[in-house]
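Accompanying notes for the structure given below.
All residue numbers in this chain count up from 1 along the given sequence. Quick caveat, the model's predicted, so the values are computed rather than measured.
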Amino acid sequence: MTTMPPTLSPSRTTCASLLHELQIIWNEIGESDSERDKMLLQLEQECLDIYRKKVEKTRKYKADLHQSLVESEAEIANIVSALGEHASFSRGRGTLKEQISAIKPTLEELRSKKQERIKEFSEIQSQIVHICAEISGHGQSNSSSDPQVNERDLTVKKLGELKSHLQELQNEKIFRLQKVNSHVNTVRELAVVMSIDFSKTVNEVHPSLSDPSGHQSKNISNDTLARLTGVIHSLKQEKQQRLQKLKDLGRTLTDLWNLMDTPVDEQKRFGHVISVISSSVDEVSRQGCLALDVIEQTEIEVAQLNVLKSGKMKELVFKRQNELEEIYRGVHMDVDSDAARQILTNLIDSGNVDLSDLLSSMDDQIVKAKEQAVSRKDILDKVEKWRYATDEENWLEEYERDENRYTAGRGAHKNLKRAEKARNLVGKIPAVVDNLTAKVKAWEAEKGISFLYDKVPILSSLEEYIVLRQEREEERRKSRELKRLQEQLAAEQEALFGSRPTPKKPLGQNTSINTMAGTPLGRRVSTPSGRPGISTGKERRESVRNIIPVNYVALPKDDSSVSRGS
């Protein structure tokens, strides 16, 4: 074996020293050269194997470095693509380790940015999933599962789309929540009006709606909204039915009160019931006004009044009859009270008539009687004026017969004034009678019946008055003519005998002033209010004959003297 060169590297030197030490050991052992060559060859082969392994390992390490560099570049490209960015980088020059060291900061930065973007996506998607679960009604079942993020699309555009979708869902959630709250408030208002358990009602829809603390978010699913809508519809129908029932009871109560003349103080107990009669469904909002207790109390009151109604109905019937008779008497209409009351008594005792219908019928009669009274009012006013005028006419006639009417005395001045007014009024009587007659005839033509005043046709009274007035005027004319003839006779006697003799009292002539005036004091002109006894025309003519002297000679009528005498 040849000796190794002496100039080697420290490691080779170490190997040479070891080889030298091996030679010494072999020499001491007495190893043969062949064995020594064999062992050296084996040693050399082992060294080659060690070098070869080292080279392979180093080659693999290089490949790994290169693969790592390629993978880093690919990862950078994927991240850049996923983020939708346009970043550029260069591996630079140098060894693989230098290139890897150069690319590593960029990769770490991109990885960090990717993780942040994934976290942002995850949060947005979690909110989207949560809101979708709330809308679908399964908010609790999916709350623990995290959504999967698509790491291949982490672009800002995709993030914006998710944010827009999230905003839409949030707006939808707000709208639904407002709608749920509105429905819940509506249910609460209806429950308050009808005294219904609000918590129990909404709890049947969903437990979250009755949570007083507000810690549990309200369910906003389609099912909840639909069920709330159904509950509101049902409650509104119930409210409508209760209101209608209470209105009917209120009207019945009012009719019974009016029928039985119930005191106002007793009616105040059900003032809240009467107040809803004219109210619409939306206007009724007072707490408990449509509660079942209120309706039951009203039903009890109506039932009690119906029991009392039959006992008091007879009294009410005769009260209506009294009212009807008062109306008739007020306008001087004929009414047979005894017969009417007997008929009512027989109807009530027979039990064959509904007293409510009877009262209603009497109310109709009262309305018709009032209408008749209104239609008669104008004529009755004129009748009263005529009656007053005739009274004044009678008083004036008596007053003018009194020869002492001008004598100073107590009340003479007032009588003079009254006489003056009475003369003016008497002068208007013909026009009043004509106007009244025309009114009455027009009324009778329209109604087709006679106008009665205290059972007497007013036209008959007017015609009788006209006849009596004409007779009285004729009587006055004859009285004036007689007076003129007496004065003429006295003047002739005075011319013949030189003195005026005292006129002789005709046989049967009364010295009373009233008798000499030609009209008895007790006689009155007939009016609708009273019909005193009246002397007949024949009696008047006889009285006139009795006061004419025996030597009376008829002379032609002198109109001028009559007018002066009048």
Side-chain angles (χ1 to χ4, degrees), residues 60-61 63-92 96-181 205-209 211 213-228:
K60 184 176 182 304
Y61 178 59
D64 290 341
L65 289 176
H66 185 73
Q67 181 65 29
S68 176
L69 181 61
V70 172
E71 290 177 354
S72 296
E73 290 177 344
E75 185 177 356
I76 288 174
N78 291 334
I79 293 175
V80 169
S81 176
L83 295 176
E85 297 183 355
H86 303 285
S88 61
F89 67 95
S90 175
R91 66 171 65 175
L96 291 175
K97 287 186 176 182
E98 290 174 350
Q99 293 178 19
I100 290 174
S101 297
I103 202 175
K104 186 176 182 180
T106 302
L107 180 60
E108 293 296 330
E109 181 181 355
L110 289 173
R111 284 175 176 172
S112 176
K113 195 171 184 179
K114 177 182 178 182
Q115 291 301 319
E116 291 177 359
R117 187 68 60 83
I118 291 174
K119 182 179 179 182
E120 191 172 2
F121 267 79
S122 179
E123 291 176 353
I124 293 175
Q125 288 182 350
S126 295
Q127 295 182 49
I128 290 175
V129 170
H130 181 69
I131 295 176
C132 288
E134 287 183 330
I135 292 176
S136 64
H138 304 287
Q140 299 298 328
S141 60
N142 297 330
S143 60
S144 59
S145 60
D146 295 329
Q148 296 296 325
V149 178
N150 183 10
E151 297 184 4
R152 290 179 296 179
D153 188 1
L154 301 174
T155 60
V156 176
K157 180 180 178 181
K158 182 66 175 178
L159 184 63
E161 292 175 355
L162 286 176
K163 287 182 177 179
S164 298
H165 184 46
L166 175 61
Q167 186 63 44
E168 292 176 358
L169 290 174
Q170 287 175 339
N171 293 336
E172 175 71 12
K173 178 180 178 180
I174 292 172
F175 172 75
R176 285 172 173 264
L177 188 59
Q178 290 175 347
K179 198 170 183 179
V180 167
N181 289 332
V205 177
H206 197 276
S208 64
L209 303 178
D211 182 16
S213 63
H215 297 310
Q216 184 180 3
S217 60
K218 291 183 174 65
N219 188 282
I220 58 173
S221 65
N222 292 333
D223 180 65
T224 298
L225 286 171
R227 296 181 68 181
L228 277 175

| said: Main chain of Glu108, side chain of Ser112: is a donor-acceptor contact present, judged purely on distance under 3.5 Å? | reply: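 No, Ser112 side chain to Glu108 backbone: no donor-acceptor pair under 3.5 Å.
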| Counting distance only, does the side-chain N/O of Ser126 pair as donor-acceptor with the main-chain N or O of Ser122 below 3.5 Å? |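 A pair under 3.5 Å: yes.
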Report the distance from atom [atom1] of [X] to atom [atom2] of [Y], rounding to the nearest 0.5 Å.
X: Leu177; Y: Glu134; atom1: CG; atom2: CD; value: 9.0 Å
X: Leu107; Y: Ser68; atom1: CG; atom2: OG; value: 8.5 Å
X: His206; Y: Lys218; atom1: NE2; atom2: NZ; value: 12.0 Å

| request: Might you confirm whether atom CD of Glu109 has over 12 heavy atoms from other residues, nucleotides or ligands at distances under 6.0 Å? | output: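 No.
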Applying side chain to side chain donor-acceptor pair (under 3.5 Å), name anything that partners [X], two or more places apart in sequence or on another chain.
X: Glu172; answer: Arg176
X: Glu71; answer: Gln67
X: Asn78; answer: none
X: Lys60; answer: Asp64

Test side chain to side chain contact (heavy atoms under 4.5 Å, CB included) applied to [X] - qualifying residues, sequence neighbours left out:
X: Lys114; answer: Ile79, Ile118, Glu151, Leu154
X: Lys119; answer: Glu123
X: Leu65; answer: Tyr61, Leu96, Lys97, Ile100

Minimum-distance pair of heavy atoms, taken over all atoms of [X] and [Y]:
X: Phe121; Y: Leu159; answer: CZ-N, 3.5 Å
X: Arg227; Y: Val205; answer: NH1-O, 3.2 Å
X: Ile103; Y: Ser72; answer: CG2-CB, 4.2 Å

Donor-acceptor pairs under 3.5 angstrom involving side-chain atoms of residues 162-170: please list them, not counting sequence neighbours.
unit_1, atom_1, unit_2, atom_2, d
Lys163, NZ, Glu120, OE2, 3.4
Ser164, OG, Gly160, O, 3.0
Gln167, NE2, Asn171, OD1, 3.2

So, using salt bridge (Lys or Arg N to Asp or Glu O under 4.0 Å) as the criterion, who are the partners of [X] when residues are at least two apart?
X: Asp153; result: none
X: Lys113; result: Glu85
X: Glu75; result: Arg111
X: Arg117; result: none

| said: Is it the case that the side chains of Ser221 and Asn219 hold a donor-acceptor pair, with the cut-off being a distance below 3.5 Å and no angle test? | reply: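 Judged by distance alone, the side chains do pair up.
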